[in-house]
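Comments concern the structure below.
The chains referred to below are lettered A, B, ... by the order of the sequence lines, with proteins before strands, and numbering in each begins at 1.
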2 protein chains.
Amino acid sequence: MPPASSRPRPTLLDVAAAAGVSKSLVSLALRGDAGVSERTRERILVVADQLGYRPSLTARTLKQGRSMLLGAVISSLDNPYHTEIVAAVEQAAEAAGFSVVLAHGSRERGRLAGRVQQLLDLGVDGLVVVSSWVPEEVLVTAARRAPVVMVGRTATPVAGIDSVNNDDEQGAALVVDHLVASGHRRIAHVTSSTRPAGIARRSGYEAAMRAAGLGAEVRVVRPEPAALDALVQDGTTAVFARNDVEAVDVLDHALDVGRRVPADLAVVGYDDTMLARRARPALTTVQQQRDVMGTRAVALLRERLDGRTDDVHEVLEPRLVVRASA
Amino acid sequence: MPPASSRPRPTLLDVAAAAGVSKSLVSLALRGDAGVSERTRERILVVADQLGYRPSLTARTLKQGRSMLLGAVISSLDNPYHTEIVAAVEQAAEAAGFSVVLAHGSRERGRLAGRVQQLLDLGVDGLVVVSSWVPEEVLVTAARRAPVVMVGRTATPVAGIDSVNNDDEQGAALVVDHLVASGHRRIAHVTSSTRPAGIARRSGYEAAMRAAGLGAEVRVVRPEPAALDALVQDGTTAVFARNDVEAVDVLDHALDVGRRVPADLAVVGYDDTMLARRARPALTTVQQQRDVMGTRAVALLRERLDGRTDDVHEVLEPRLVVRASA
DNA sequence: CGGAACTTCTGGAACGTTCCAGAAGTGCGC
DNA sequence: GCGCACTTCTGGAACGTTCCAGAAGTTCCG
């Protein structure tokens, strides 16, 4: 058998020759242009199909300067929160006729800058940044080449860059209110994050505690064995962790030292990732509307492509998902 | 501020004009061709840099028929086993100068065929298929357009398509041998799979049991509450699940009904995903050499691109990872 | 000093599209 | 039977590269 690549793909010219028309007409017919008679269109479609013609997106992109490709930048593939957002973005992109090219950083912060450059060189029409590890200056330079939208990352707004986020402060408040309503007073917050989302959740927690008259009970600890030990010993009855991953850590630790969840200790996470669903007991957590995030992110990019120049920052309402752990 | 896209990207011609040479020379200089004097090369590089020139991969692809793009096809982003393989592939691809475009199916089997088509239209130079949901005929037609390699999916070999797999039978044997060496005799296999990998693991389990003189103890059950109940009640002391996901199900169920793991019931998974690391107790499991899989997959594609026409099927040795659960 | 052999550079064609200006062909009113 | 509008179709240029054939310019040797 000859190598697979031996027979070159048919081009517009091949179809045109076979159908006895000009290449331009084939192009028009295949793209459904109005000024083509029904008879010839039919014939051209049949011939194209017979030859197995497929248009070259590369040539098309070169000509019209649009690739219908979107780049998604993500810190690492093994963080379910990020991958789930990407899935939502991809779905929305597909619905809008775009494909998504993924670039991830596998923890190495420096790598991401290079990957962003690669995406731009590839000719993506827009960039969805899910990871907060991409340095701001990289985003700013990238935005000069293609519209950029940050999603799922609460951060100081960057000029020229749109964003879609959930309201982390409000999400934290939902958690605190739920716990208070269940009779808890000694509610601690577990967090290891110095990143924007983490900070917002923390301040949301503190504000909600104060609003509930529990300002004196505010307690923030890091998810480390010693700190968790102390937490479990000292009469804390509920823990709000900054994300599902850390909530599971708390959960495991509590169970390890013989506490019952939620009877002895209620545990709440954030993000509603598959970890929350899989945990035992299943985690109460805060859900961000990931599908909406995806849809809006793609929509914002398209608006930019259509010429919008002012910045848009969308904030979505989070929702509390009550499961067994609190 | 004018729209971001207002200033068009500089092209070879712009650089050539600015440097006072021909576009061809700029092209040669930037690609490091030998026949360019050191002085002019230097000057061209400086000018290109000043103008912020970046070559258009689209134009390059069109001209030389190579996109340096690899497509990765995966069932869904939320299966850590698959995403972790993709991460390995991407890493290997990057090392070889390729970028990876991801297409996933989100469970909808039909969608994948369309996504494969999209990748091919995009002009990928090769296809890495991680998901076993892609129908064989789709793979076969795809292979006529670009080399295809299946990875992490044990399956009947398809003519014209390479593969990289781990030896599932041997992996299952490793598990059984380990359990037998720990004194277990009543070792059950939990599986819900009728797919190639699942079948291979099952038959590996059965063969190893027989080899250990435990043919009479062979017991295969589905990961459903009733079946697991029965399992836990009837004196089974060890369970080998067909993957980490189902192992975690078994684990949770056993703990729920008050069994201790591993004291009352040993549990072993397969794949060594992050689930295994995160489980409590941490799962003993079988590790496939994912990084090697990625490297080999990319290597096989490159060989095809360089003209190899005979099929290659690589089988990697799995490794037992002993953790707390067995 | 003529020309062979290098080195260094150049212009044009090509890749497969899209798009534009305009060429045929058709129908119609007068 | 002529002009006009309308429909249907066409050829060429363009997108930004790469690559090839070959043009200058330089060196070197007899």
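- For the helix from C:dC1-D:dG30 to C:dC30-D:dG1, the axis fitted to the five pairs at one end and the axis fitted to the five pairs at the other end meet at an angle of 60° (nearest 10 degrees).
- Checked options B:D162, B:T309, B:D125; the residue passing with B:R304 is B:D162 (criterion: side-chain hydrogen bond (donor to acceptor under 3.5 Å, both in side chains)).
- Looking at heavy-atom distances under 4.0 Å, B:S24 makes contact with a base.
- With sequence neighbours excluded, the residues that form a side-chain contact (heavy atoms from CB on, under 4.5 Å) with B:A96 are B:F98, B:V298, B:R302.
- Both B:R41 and A:K23 sit near DNA chain C, but only B:R41 has its closest nucleotide nearer the 5' end.
- Contact check for A:L102 versus B:V100: no side-chain heavy atoms found under the 4.5 Å cut-off.
- Between B:L127 and B:L139, the closest side-chain pair of non-hydrogen atoms is not below 4.5 Å.
- Taking 4.5 Å as the limit, some side-chain heavy atom of B:T83 sits within range of a side-chain heavy atom of B:I74.
- Bracketed by its first and final contacts, the part of DNA chain C lying under 4.0 Å from non-hydrogen atoms of chain A reaches from C:dG16 to C:dC19 in 5' to 3' order.
- Using a 4.5 Å heavy-atom cutoff, the side chains of B:E38 and B:E42 are in contact.
- In this structure, the side-chain contact (heavy atoms from CB on, under 4.5 Å) partners of B:S163, at least two apart in sequence or on a different chain, are B:M150, B:N165, B:H313.
- B:D121 places none of its side-chain heavy atoms less than 4.5 Å from the side chain of A:P55.
- Here the side chains of B:I85 and B:M293 are in contact, with some heavy-atom distance below 4.5 Å.
- Across residues 48-69 of chain B, B:L62, B:K63 each have a non-hydrogen atom less than 4.0 Å from an atom of DNA chain C (numbered order).
- The shortest distance between side-chain heavy atoms of B:Q117 and B:R145 falls below 4.5 Å.
- Taking the side chain as every heavy atom from C-beta outward, B:R308 and B:L300 approach each other to under 4.5 Å.
- To the nearest 0.5 angstrom, A:S56 atom OG is 9.0 Å from A:L62 atom CG.
- A heavy-atom distance below 4.0 Å to DNA chain D is reached by these residues of residues 26-38 of chain B, ordered by number: B:S27, B:R31.
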